[in-house]
Amino acid sequence: MKSYLLGVAASVALSGAAMAQEPFRIGFLSTMSGVSGVLGQDQRRGFDLALEHLGGKIGGLPVQVVEADDKFSAADAVQQMSRLIDREKIQVITGLVASNVLMAIAKPALAKGALLISANAGPSPLAGPGCNPNLFVMSFQNDQWSTGVGKYLSDKGYKRVYFMGMNFQAGWDHTKAAIRNFTGEKVAEVYTPVDQLDFSAELSQLRAAKPDAVYAFYVGGQAIAFVKQFAQAKLDIPLFGGNGLSDPTLFEGQGDAAIGLTLGTHWSAALENPVNKKFVDGFVKAHGRLPSETAANGYDDVLMLDAAVKESGGKTTPDALREALRKVKYASIRGDWHFNTNQFPVQNIYMEQVERKPDGKLGLKFLGIAAKDVQDPYVGECKMAK
Amino acid sequence: MNPMFRNTILVALAAIFAAAPWALDEFSLNLVTRMLIFGIAAMGVDLLVGFAGLVPLGHAAFLGLGAYAAGILTDMGLESAFVVWPLAIMVGALGAAIIGGLSLRSSGLYFIMITLAFAQMIYYVFQSLRAYGGDDGFALTRNTFAGLIDPYDSRAFYFLTLAITLVIFLLLLRVVASPFGVALRAARDNEARLAAVGLPAFGYRLVAFILSGALCAFAGVLLANLTGYITPGYGSWPQSGELLMMVLLGTAGTIWGGLLGAAIFVALSEVLSEVSDHWMFYLGLLIVLRVLLAGGETTKLLKRLDPRRRADG
Amino acid sequence: MTFSLFVEQVFNGLQLGMLLFLVAVGVTLVFGVMNLVNLSQGALVMMGGFLLATATKATSSYWLGLPLGIAALIVIAMLIELLVLRRLYARPHIDQVLATFGLMLMFNEGAVMIWGRDPVFMAIPAALEGSVTLLPGVAYPIYRLAVTIFAGALGVALHFLISRTRLGMLIRAGADKREMIQLLGVDIAFLYLMVFCLGGVLGGVAGMLLGPISAVTTGMGDPILILALVCVVIGGLGSVGGAFVAAMLVGMCDTFGRVLLPQALGAGTGQAIANMIVYLVMAAILIWRPAGLASR
Amino acid sequence: MVEAALAARSLSKRFGSLLVTDDVSIELRAGEALGLIGPNGAGKSTLIAQLAGRLPPDSGQVLLEGRDVSALPAHARARAGLVQSFQVPSLFSSFSTLANVAIAAQAAHRHSYSFLRRADRAREYVEPARALIEEVGLSHCADRNVGALSHGERRYVELAVALAARPKALLLDEPLAGLSRAESERMIAFIGKLKKRYAILLVEHDMEAVFSLADSLCVLVQGRIIARGAPAALRADPAVIEAYLGDDASSGGAHA
């Protein structure tokens with residue numbers, strides 16, 4: 001069993017009253033193995049780092065984290081959800097890096113009365129009609145990054161933009177949001193299969209269309225291949241995208257090809273605030289590179305839970321935590337944000353750019369705020385039960 | 001195995017399965033339900049591997065076809081399992097008839113690769129269904145049983161799956177001993193000779209392929225209902241490989257081997273993934289070792305223990 | 001589509017086809033000579049990428065890394081053959097499928113255990129940076145051109161190896177004539193080892209060529225393996241020439257399908273059919289010739 | 001005129017430049033045994049394969065009781081009553097002796113798409129199979145796996161499998177191959193009894209057997225029938241002795 005008890009040793013040293021404290025048991029359900037395992041791994045690293053920074057406690061309570069691997073499969077995810085809730089009797093589940101996994105477990109887990117706190121996935125159906133009092137998404141909704149990017153492209157005066165994305169829900173959400181928020185001409189809207197290796201055919205088409213700028217939504221290995229091939233094609237066209245197009249987990253794989261990419265994000269490693277600085281420095285020290293956005297969400301998740309548990313007066317039942325989360329205030333690594341009525345965040349979208357740092361490594365330059373207090377466009381469809 | 005001994009085992013097994021819902025927590029019960037569901041699929045695959053001597057590397061496609069057909073029909077407003085399930089199974093059977101008809105013109109390694117390629121084709125169809133979430137998939141409301149069974153009661157669903165598995169198991173035992181089953185095995189042993197006495201192998205193989213496709217589709221329907229969610233992953237080729245692993249982990253050529261293998265596989269991947277994030281490595285290692293060290297021998301040993309098999313093959 | 005764009009897409013299709021050919025030829029050779037289906041070929045593609053990336057980093061030179069990487073590939077291919085495949089030749093197909101499937105899982109996750117989950121970097125060697133002008137207005141990346149030429153040259157070399165040498169004669173004799181080969185006094189075990197190494201190294205080299213344009217990451221070989229299997233099926237199992245023709249066909253269909261079908265049929269349907277075009281072509285060919293192009 | 005049970009008209013087959021069957025026509029009647037002899041490589045097995053439908057001829061026809069079966073595949077010809085036994089016993093290796101014969105009896109029924117009854121309890125399959133096994137004298141090993149039988153026993157199973165398929169015309173491809181002297185004599189006697197029931201085409205190297213069993217003979221050399229007629233007449237035909245018996249003329253003569 002990959003679970004562990006944090007802060008127990010510390011509480012033993014304390015008074016008898018502290019020893020009697022029930023630990024806060026939390027399920028961490030994420031993609032830990034296979035090709036997408038890199039996401040869950042970085043999320044977990046952020047999560048663990050925050051626990052470390054908080055002395056192994058959340059809201060003053062010792063924490064027991066029970067990890068479950070969804071194997072990036074809906075059927076396995078539901079099975080693991082059942083393990084956490086039915087066997088481990090855990091009522092609060094976080095992690096949830098993959099959209100398909102969150103979509104798959106949302107209904108059965110909520111039916112069992114659990115509280116779900118997504119620290120990454122934010123699919124649109126759950127922001128609209130599928131919203132639920134016990135479902136919080138603390139990271140972002142797919143449309144948000146590209147809302148910022150679309151506005152940024154308009155503000156910077158680009159006239160003709162070529163849009164490309166991976167052919168799945170998140171790809172459609174992101175790309176279409178960028179298009180909606182861009183006021184110029186859409187040259188093309190192209191979707192490529194999720195396991196495509198070679199983009200030469202699409203890049204040849206793109207070159208022939210001569211756009212002013214390109215918006216692309218790619219993640220993981222696809223982002224590496226796309227960004228490299230885009231650079232190798234020597235198109236001399238600026239490339240924009242969401243945070244997934246290039247992040248520090250991909251820097252090594254993308255190399256110089258990533259330099260100059262302009263990215264929209266709800267959080268940046270280059271954001272200047274003390275909490276973020278502590279996080280980024282701590283992460284670099286522990287893992288030798290900048291944290292990714294999934295790591296940041298994992299970290300921020302713990303900070304938010306810490307504040308919520310304090311708010312609830314140490315109660316960790318779904319009901320108590322839900323009420324606490326709805327009014328939670330804490331110093332987030334991404335600056336001020338709050339939950340909307342659909343329990344997805346309302347937050348600023350920043351722009352950052354990949355650049356070579358003086359030490360020779362790739363890093364991120366903060367460009368500024370692209371859009372303030374962005375909410376997702378689905379909130380109106382959410383009829384939240386009380 | 002002498003009849004006394006066998007009956008004792010059967011009674012014991014029946015007791016264990018009947019008591020399971022009260023002895024196990026919901027998670028473990030769902031796990032057992034999952035074992036049974038994959039057992040149905042593995043029995044179907046074993047019909048081809050063990051009895052027809054054909055190795056399909058694309059049967060996850062039928063698992064996916066069953067799941068998608070059930071999901072889409074339910075989404076269209078048909079809710080009753082009595083309507084949706086037979087239709088979904090028929091979709092799987094129809095798919096198997098087409099793919100089988102084309103694949104069975106070849107045999108051996110060629111058959112393996114062609115079934116794989118057709119399964120990929122179906123996988124991409126699932127992936128391109130934008131109305132059904134594309135690669136992310138879509139949710140399914142569990143099918144209803146005219147008020148007879150509560151589909152959201154884990155115990156009820158377990159007993160339903162158990163009953164279905166049992167019926168299929170017994171039917172398959174009859175099928176492989178039937179004239180059809182004998183013809184199928186004869187075609188496996190010596191296709192040319194079977195033709196020389198007047199039976200063409202193709203038709204029997206095709207029917208076996210359709211049967212096994214339908215069983216996988218049934219498993220897909222059940223899995224979709226258990227999970228409440230359907231993704232293209234149901235039809236992915238690693239899933240096809242896993243179905244073959246189940247057949248191997250049990251004993252190919254015995255119907256109960258499919259059930260046993262599925263149980264072992266589900267338990268194994270559950271346990272390994274709880275122990276290590278690198279569970280895939282250890283799973284691969286176990287499979288390789290199973291093939292290398294015990295591959296033929298266990299099968300032979302188990303065959304020798306069963307006098308009926310020795311008599312009529 | 002303008003003429004220059006058409007030419008460019010032809011080159012794109014050629015390049016994809018050449019890479020597929022390198023992967024497919026390994027599968028088809030191993031089938032033709034040893035009568036064995038090898039699903040671990042995709043893992044060798046991935047290992048090619050990782051090994052070259054690591055060797056290049058260690059030696060700080062692509063051109064030093066290349067021979068080192070290939071040497072390591074040979075060692076790995078030999079180990080696979082000696083430790084696992086050798087015991088499978090006489091086994092039923094299901095054992096072969098499962099053991100090589102198991103190997104694939106082991107290599108994919110083993111790569112994670114060795115190199116971690118973050119993808120590793122591989123650059124285009126400096127000498128092959130930049131692009132050339134094929135036609136006025138058609139600038140084509142030198143590296144992609146080099147990949148096409150190099151893979152093509154390997155194909156030609158392979159053709160001569162098979163048609164002109166003793167090893168080639170033995171390969172052509174194929175699996176059915178095992179006794180005949182033995183009568184010639186050839187060490188069958190050694191022949192099989194050679195053939196597997198040859199096929200494995202070609203697959204690994206494909207991964208090395210792919211490294212700079214794709215992501216060197218776990219599982220990178222799996223989608224290529226599937227496409228390569230399609231080429232083998234279309235070409236006819238065991239036929240190197242068939243695999244070549246099929247790889248070119250698949251490369252072209254994939255490239256042009258992705259470009260033309262969404263234009264012709266609208267984004268949704270066109271995209272969906274473009275994803276499947278390779279398999280549709282395969283189905284059509286199999287209806288016409290159930291045993292592939294190379295069969296009579 | 002009595003309709004021939006089996007007739008071949010001008011069968012020809014070419015493998016590359018090699019003409020393996022050269023305009024061969026044969027005819028055999030019910031209750032009659034036609035011997036087909038010829039040196040190794042004369043094309044006897046190729047001819048049987050064409051008759052049985054395992055090999056398509058380049059030209060020519062095969063007629064079964066006057067019906068043109070040329071377009072039918074092997075299984076359909078077998079079903080129509082044109083059944084062969086193989087030179088090397090070709091059995092269902094994982095089956096028992098009884099099951100081997102029973103599957104052929106099963107094949108003789110209309111179809112085998114019957115899923116829920118037990119084949120080993122289907123009397124219409126098992127009883128004829130048992131009867132045939134008894135007839136060939138193998139009742140004692142009915143339940144043994146065929147892999148455990150001796151070569152001689154497998155020869156009889158091979159024959160019983162062919163008989164269970166309810167032939168009208170029976171193509172026997174060297175039924176004596178590999179049998180001991182004593183076994184051969186028993187087999188010859190057995191085939192002699194079969195003659196009355198079926199039209200038999202007998203390919204055999206054992207001259208003594210052929211001459212004693214066959215009502216008439218065809219001599220096949222390099223794919224062509226060079227002589228045909230009653231055994232007694234052929235035995236004296238110098239062309240036959242020259243072309244077929246060749247250097248073995250003396251021993252062949254002695255044999256006969």
Side-chain angles (χ1 to χ4, degrees), chain A residues 31-42 45 167 188-209 218 220-229 231-236 247-258 287-289 292 362, chain C residues 1-2 4-9 11-13 15-16 19 53 108-109 112 116-124 129-131 137-144 210-220 222-224 226-227 251 254-260 262-263 267-268 271-272 274-275:
Chain A
T31 308
M32 307 308 291
S33 61
V35 176
S36 305
V38 62
L39 299 173
Q41 171 194 279
D42 237 39
R45 285 175 173 174
N167 199 13
E189 180 180 353
V190 175
Y191 295 99
T192 56
V194 288
D195 55 0
Q196 185 165 313
L197 303 162
D198 189 340
F199 300 93
S200 56
E202 287 80 4
L203 290 173
S204 295
Q205 296 296 114
L206 191 156
R207 180 204 307 278
Y218 286 95
Q222 292 271 304
I224 296 178
F226 182 81
V227 166
K228 275 162 105 174
Q229 293 177 25
Q232 286 158 14
K234 302 266 187 270
L235 293 166
D236 224 10
D247 72 23
T249 58
L250 305 177
F251 282 171
E252 172 69 19
Q254 289 173 333
D256 290 355
H287 303 292
R289 64 156 164 76
S292 68
L362 292 186
Chain C
M1 192 187 284
T2 63
S4 56
L5 189 53
F6 174 78
V7 171
E8 198 175 335
Q9 297 294 23
F11 273 87
N12 288 334
Q15 181 236 311
L16 180 60
L19 278 175
N108 276 348
E109 200 60 31
V112 170
R117 291 201 184 275
D118 290 0
V120 301
F121 180 65
M122 205 164 133
I124 288 180
E129 279 273 11
S131 51
V138 184
Y140 197 76
I142 293 180
Y143 182 75
R144 285 180 181 267
L210 200 59
I213 51 180
S214 162
V216 179
T217 172
T218 177
M220 73 179 271
D222 298 353
I224 309 175
I226 303 282
L227 279 181
D254 192 47
T255 300
F256 280 93
R258 266 155 44 201
V259 173
L260 295 179
Q263 288 176 8
Q271 192 69 60
N275 286 1

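First the proteins, then the strands, lettered A, B, ... as listed; each starts at 1. No hydrogens, no waters, no symmetry mates; every other heavy atom, side chains included, goes into these values.
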Should Leu5(C) and Ser204(A) be marked as a side chain to side chain contact (heavy atoms under 4.5 Å, CB included) after you check the CA-CA gap, both sets of side-chain angles, and the distance that decides it? CA-CA 7 Å; Leu5(C) 189 53; Ser204(A) 295; 3.8 Å; yes
Pair count under 4.5 Å, heavy atoms only, with chain C: among Val227(A), Leu250(A), Asp42(A), Ile224(A), highest is Ile224(A)
Flag if over 12 foreign heavy atoms under 6.0 Å of CZ, Phe11(C): no
Approximate separation, where rounding is to 0.5 Å, of Arg207(A) CZ and Tyr140(C) OH: 10.0 Å
Taking side chain as everything from C-beta outward and backbone as N, CA, C, O, which of these in Phe251(A) sits under 4.5 Å from a heavy atom of chain C? Side chain, backbone, both or neither. neither
Sidechain-backbone polar pair: Lys228(A) side chain, Gly211(C) backbone, donor-acceptor under 3.5 Å: yes
How many angstroms lie between CD in Gln232(A) and OG in Ser131(C), if you round to the nearest 0.5 Å? 11.0 Å
Return the OG to CZ distance between Ser214(C) and Phe199(A), rounded to the nearest 0.5 Å. 8.5 Å
Let's go through Gln229(A) and Ile213(C) carefully: what are the C-alpha distance in whole Å and the side-chain angles of both, what is the deciding distance for side chain to side chain contact (heavy atoms under 4.5 Å, CB included) to 0.1 Å, and is it a yes or a no? CA-CA 6 Å; Gln229(A) 293 177 25; Ile213(C) 51 180; 4.1 Å; yes
Among Gly220(A), Gly255(A), Ala233(A), Ala231(A), the residue with the most heavy-atom pairs under 4.5 Å to chain C is Gly255(A)
For side chain to side chain donor-acceptor pair (under 3.5 Å), just list the numbers for Gln205(A) and Gln9(C), CA-CA rounded to whole Å, side-chain angles, deciding distance to a tenth of an Å, and then say yes or no. CA-CA 9 Å; Gln205(A) 296 296 114; Gln9(C) 297 294 23; 3.0 Å; yes
Between CD of Gln196(A) and CG of Asp254(C), what distance do you get to the nearest 0.5 Å? 6.5 Å
If you count heavy-atom pairs under 4.5 Å between each of Leu19(C), Thr255(C), Leu16(C), Val120(C) and chain A, which one has the most? Val120(C)
Counting heavy-atom pairs closer than 4.5 Å to chain A, which one of Pro262(C), Gly219(C), Pro119(C), Gly130(C) comes out on top? Pro119(C)
Working to the nearest 0.5 angstrom, can you tell me the gap between Ser33(A) OG and Arg117(C) CZ? 6.0 Å
Non-hydrogen atoms of Gly221(A) and Ala215(C) that approach each other most closely: O-CB, 3.4 Å
Please flag which part of Gln41(A) lies under 4.5 Å from any non-hydrogen atom of chain C: side chain, backbone, both or neither. side chain
Highest number of heavy-atom pairs under 4.5 Å with chain C: which of Leu203(A), Asp256(A), Val38(A)? Val38(A)
All heavy atoms of Gln271(C) vs all of Tyr191(A), minimum pair found to be OE1-O, 2.5 Å
Which residue out of Ile142(C), Ile124(C), Asn108(C) racks up the most heavy-atom pairs below 4.5 Å with chain A? Ile124(C)
Report the distance from atom OG of Ser200(A) to atom CD of Glu8(C), rounding to the nearest 0.5 Å. 8.5 Å
Top contributor to chain A contacts, counting heavy-atom pairs under 4.5 Å, from Glu109(C), Arg144(C), Met220(C): Arg144(C)
Ion pair present between Asp198(A) and Arg258(C), side-chain N to carboxylate O less than 4.0 angstrom? no
Taking side chain as everything from C-beta outward and backbone as N, CA, C, O, which of these in Thr192(A) sits under 4.5 Å from a heavy atom of chain C? Side chain, backbone, both or neither. backbone
